[in-house]
Amino acid sequence: MKLPEATNFIEQIINEELEAGKFESRGNKLQVRFPPEPNGYLHIGHVKAMCINFGVKDKYGAKLNLRMDDTNPAKEDYEYVNSIVEAIKWLGFEYDKLVFASDYYERLYEIAEKYITDGNAYVCDLTAAEITATRGTLTEAGTPSPYRNRSVEENLKLFREMKDGKYPDGSKVLRAKIDMSSPNVNMRDPVIYRIAHVDHYRTGSKWCIYPMYDFAHPVSDAIEGITHSLCSLEFENHRPLYNWFVEKAGFPAPRPRQIEFARLNITNMLMSKRYLKKLVDEGFVRGWDDPRMPTIMGLKNRGVPPEALKKFCADVGVAKAYSVVNQAQLDSCIRDNLNDNAERAMAVINPLKLTVTNYSGEEELRFEKNPMREGSGTRNVKFTGTLYIDRDDFSLNPPPKYKRLQKGGTVRLKSAYIVRCDEVRLNADGEAEELLCTYFPETRSGSSEPCAVKAKGVIQWVDAKYGIDAEFRHYEPLLTDEQYPDQDYAERLNKDSEKVFRGKAEPYLGECGDGVPFQLIRAGYYKKCVENGLVLSEIVSLKDSFNK
RNA sequence: UGGGGUGUCGCCAAGCGGUAAGGCACGGGAUUUUGAUUCCCGCAUUCGUAGGUUCAAAUCCUGCCACCCCAGCCA
């Protein structure tokens, strides 16, 4: 058998197993799963998990189920399952089946009864606090529950009564009978089922007992015939439990194998669902898909192409070492993708009027949509000599090596002419209000004749007569998990994370369809065009090369 | 002071006994009507640390150190 080349340690393990013939009994057909809990929107961390799982799918021709791990009715909802499906679709991943852990409730219940019958589980009347107290500590063994040795008959009767709703929440649980003195705390008779008289978004009020993750997850894997259950590092301590549940449930080999990898962390990116949910619930952001959010939908609304996210995950790799990737690495992938694919456009965020005093009339100039790509086409831009440039592109006190416009200096208007600034009109505050310039007809863009006039810089511009009003929003990334609990968080978030600018844009931007990312001529910015007429853009500064 | 993991360049990360890939970041140079892009060139005599085995170790052995995870009726 010709094995695919492994690009990470997980695929290496798979190759070794395949070589050893572990999956011959199932025709070497592998199966994986992506198991989000529908209690929030997917974020960039999930993209890594998906890249790993879908990578196995593509590489080994494995089956891949999208499984909603919905065993906690209090937190889950259809809104989230829809958002998850949408995010996966946007990323371009294709799963074989959409399944729900809640589809297995009946089967899980039967397996729980089997545990009881086999003497591997018991109903425990201890309170939550008592269970915690008797679990022992990291260095001391726990003490067995007084209910640990109930008879199979009594356990079965009690468990059925639990299911039938005879007991209030918290009064009883079903526990696995493993080892109260295990050095691994997770093995000290973990809870399998809890009573919760809560409606489930899918099963309604049918159940009042719900299975716990530690039990439901491995058994769901086994039911589906999963061969590789890939999850993050924090579940390493649960692996013995995982194996215990699958084995005691009586599933034959080859049983699913849990393999753990380090989750994705990125500097300046808040990545825990709990905090993200809080930001949404308390109104710090407009929703889960707010461009400031690290959610897949937030990133989409920021104008990030899905391919850039996949490239990023591929670059970052998969390993077991705890790590925090620099955001610069993500930015680089986005820039790289946009450089190849995004069309270029002109817009000024902070307009400054520029009048060409020796120009009259109007003309159309040719503009390449994407100079990086062959055949991307051109469009015409009107030029009347009265226009706006960005305030940043003019300086009253230019620093050394300044390449853009200054009094007495020249600059090239992108795809148009070179102009010289003759006079600066100031407002009452001493700020530039209007620039009076001279243009040089012989410097018209595309002209091949040599001319004496030179300009070091090139800036973008918007014609005053033909440009449209545009609103720009500039977003700062959300703070990191560590910074989050800070008391000034909300204030800082509201004050600094979103800035709105009223500027001008060429009409072309208003014609862009919803969600089209494009790159501003001023290098280092990418943005997204939304809604016609008005340009409502999300701008993210990716590389501030202007401070050099 | 229990158990499970991890330690290779500023940040990720290959490497699996034969003499340190790659990406990001960074520095230098060339081309450029985006200070972008593109293009060269540079960037770990050293792999947490101390010993040991070997002709040969980041890779094997032993001790030590550091960091992360685990005591939810969350996932």
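All values below come from the heavy atoms of this structure, side chains included, with hydrogens, waters and symmetry mates left out. Chain naming here is simple, since letters A, B, ... match the order of the sequence lines and numbering starts at 1 in each.
As judged by a 4.0 angstrom heavy-atom cut-off over every strand, A:H217 is placed among residues making no nucleic acid contact. Among the atoms of the strands shown, only primed sugar atoms or phosphate atoms (P, OP1, OP2) are found under 4.0 Å from some heavy atom of A:A321. Counting any heavy atom pair closer than 4.0 Å across all strands shown, A:I131 reaches a base atom. Residue contacts for A:L126: at a heavy-atom cut-off of 4.0 Å it reaches a base atom on one of the strands shown. If you check every strand for non-hydrogen atoms under 4.0 Å, A:Q12 touches a base. In this structure, A:K403 reaches the bases: a heavy-atom distance under 4.0 Å links it to at least one base atom across the strands shown. Within the 4.0 angstrom heavy-atom criterion, no nucleotide atom of any strand lies near A:K172. Within 4.0 Å (heavy atoms only), A:Y210 reaches no atom of the nucleic acid at all. Contact annotation for A:G317: no contact, since no heavy-atom pair falls under 4.0 Å across all strands. Counting any heavy atom pair closer than 4.0 Å across all strands shown, A:V316 reaches sugar-phosphate atoms only and no base atom.
Residue A:T71 places at least one side-chain N or O under 4.0 Å from the OP1 or OP2 atom of B:rA75. Regarding contacts with the backbone of B:rC68, every side-chain N or O of A:R263 stays at 4.0 angstrom or more from both OP1 and OP2.
Taking the side chain of A:E236 as heavy atoms from C-beta on, and the options B:rC12, B:rA75, B:rG4, the nearest nucleotide is B:rG4. Residue A:K75 has its side chain nearest to B:rC74 when only B:rC74, B:rG35, B:rA75 are considered. Closest to the side chain of A:L138, from the set B:rG2, B:rU38, B:rA36, is B:rG2. When distances run from any side-chain atom of A:R135 to the nucleotides B:rC12, B:rA25, B:rA71, the shortest one goes to B:rA71. You'll find that the side chain of A:A328 is closest to B:rA25, out of B:rA25, B:rA75, B:rG35. With B:rA13, B:rA25, B:rC70 as the candidates, the nucleotide lying closest to the side chain of A:S323 is B:rA13. Of the candidate nucleotides B:rA75, B:rG3, B:rG35, B:rA75 has the atom nearest to the side chain of A:R194. In the set B:rA71, B:rU33, B:rU6, B:rU33 carries the atom at the smallest distance from any side-chain atom of A:K414. If you check B:rU33, B:rG5, B:rC69 against the side chain of A:K320, the one that comes closest is B:rG5. Nearest to the side chain of A:T132, among B:rC12, B:rC73, B:rC24, sits B:rC73.
A distance of about 8 Å separates the C1' atoms of B:rG15 and B:rA20, rounded to the whole Å. Straight-line distance between the C1' atoms of B:rC60 and B:rG72: roughly 42 Å, to the nearest whole Å. B:rA66 sits 7 Å from B:rG48 when the C1' atoms are compared, rounded to a whole Å. A gap of 13 Å separates the C1' atoms of B:rA58 and B:rU45, to the nearest Å. One C1' atom belongs to B:rC26, the other to B:rC11, and the distance between them is 12 Å to the nearest Å. B:rG18 and B:rG51 are spaced 23 Å apart, taking the C1' atom of each and rounding to whole Å. Comparing the C1' positions of B:rA57 and B:rC47 gives a spacing of 11 Å, expressed to the nearest Å. Comparing the same atom, P, in B:rG7 and in B:rU59 gives a spacing of 12 Å after rounding to whole Å.
Nucleotide B:rU6 has B:rA66 as its partner under the Watson-Crick or G-U criteria, with both atom distances under 3.5 Å. In this structure, B:rU33 forms no base pair with any nucleotide, since neither Watson-Crick nor G-U wobble geometry is met with both distances under 3.5 Å.
Other residues, nucleotides and ligands contribute over 12 non-hydrogen atoms within 6.0 Å of the CZ atom of A:R391. A:R366 CZ: 12 or fewer foreign heavy atoms inside a 6.0 Å radius.
Taking 3.5 Å as the limit, the base of B:rG23 and the side chain of A:Q329 contain a donor-acceptor pair of atoms between them. Evaluation of atom-type donor-acceptor distances gives no pair under 3.5 Å for the side chain of A:R239 against the base of B:rG4. With hydrogens and angles ignored, a donor-acceptor pair closer than 3.5 Å exists between the side chain of A:S445 and the base of B:rU33. One cannot find a donor-acceptor pair under 3.5 Å joining the base of B:rC74 and the side-chain atoms of A:E37. For B:rC69, its base sits under 3.5 Å from the side chain of A:N237 at one donor and acceptor pair at least.
Between the CE atom of A:M346 and the CD atom of A:Q460 there is a distance of 7.0 Å, given to the nearest 0.5 Å. We find the CG-CZ distance between A:D103 and A:R67 to be 10.5 Å, quoted to the nearest 0.5 Å.
Each of A:Y193 and A:V318 has a nearest nucleotide on RNA chain B; the 5'-most of these lies closest to A:V318. For the pair A:A319 and A:G446, both in contact range of RNA chain B, the more 5′-proximal nearest nucleotide belongs to A:A319.
If you measure from atom CG of A:D336 to atom C1' of B:rA25, you get 15 Å, rounded to the nearest angstrom.
Here the side chain of A:Q12 pairs no donor or acceptor atom with the backbone of A:A6 at under 3.5 angstrom.
A syn orientation is assigned to B:rG72, its glycosidic angle lying within 90° of 0.
Ring pair A:F159/A:Y109 is parallel by interplanar angle, where below 30° counts as parallel and above 60° as perpendicular.
Ring-centre distance between A:Y193 and A:F215: below the 6.0 Å cut-off. For A:F235 and A:Y242, the distance between ring centers is not under 6.0 angstrom.
Here A:E260 pairs with A:R239 in a salt bridge; the nearest charged N to carboxylate O distance falls below 4.0 Å.
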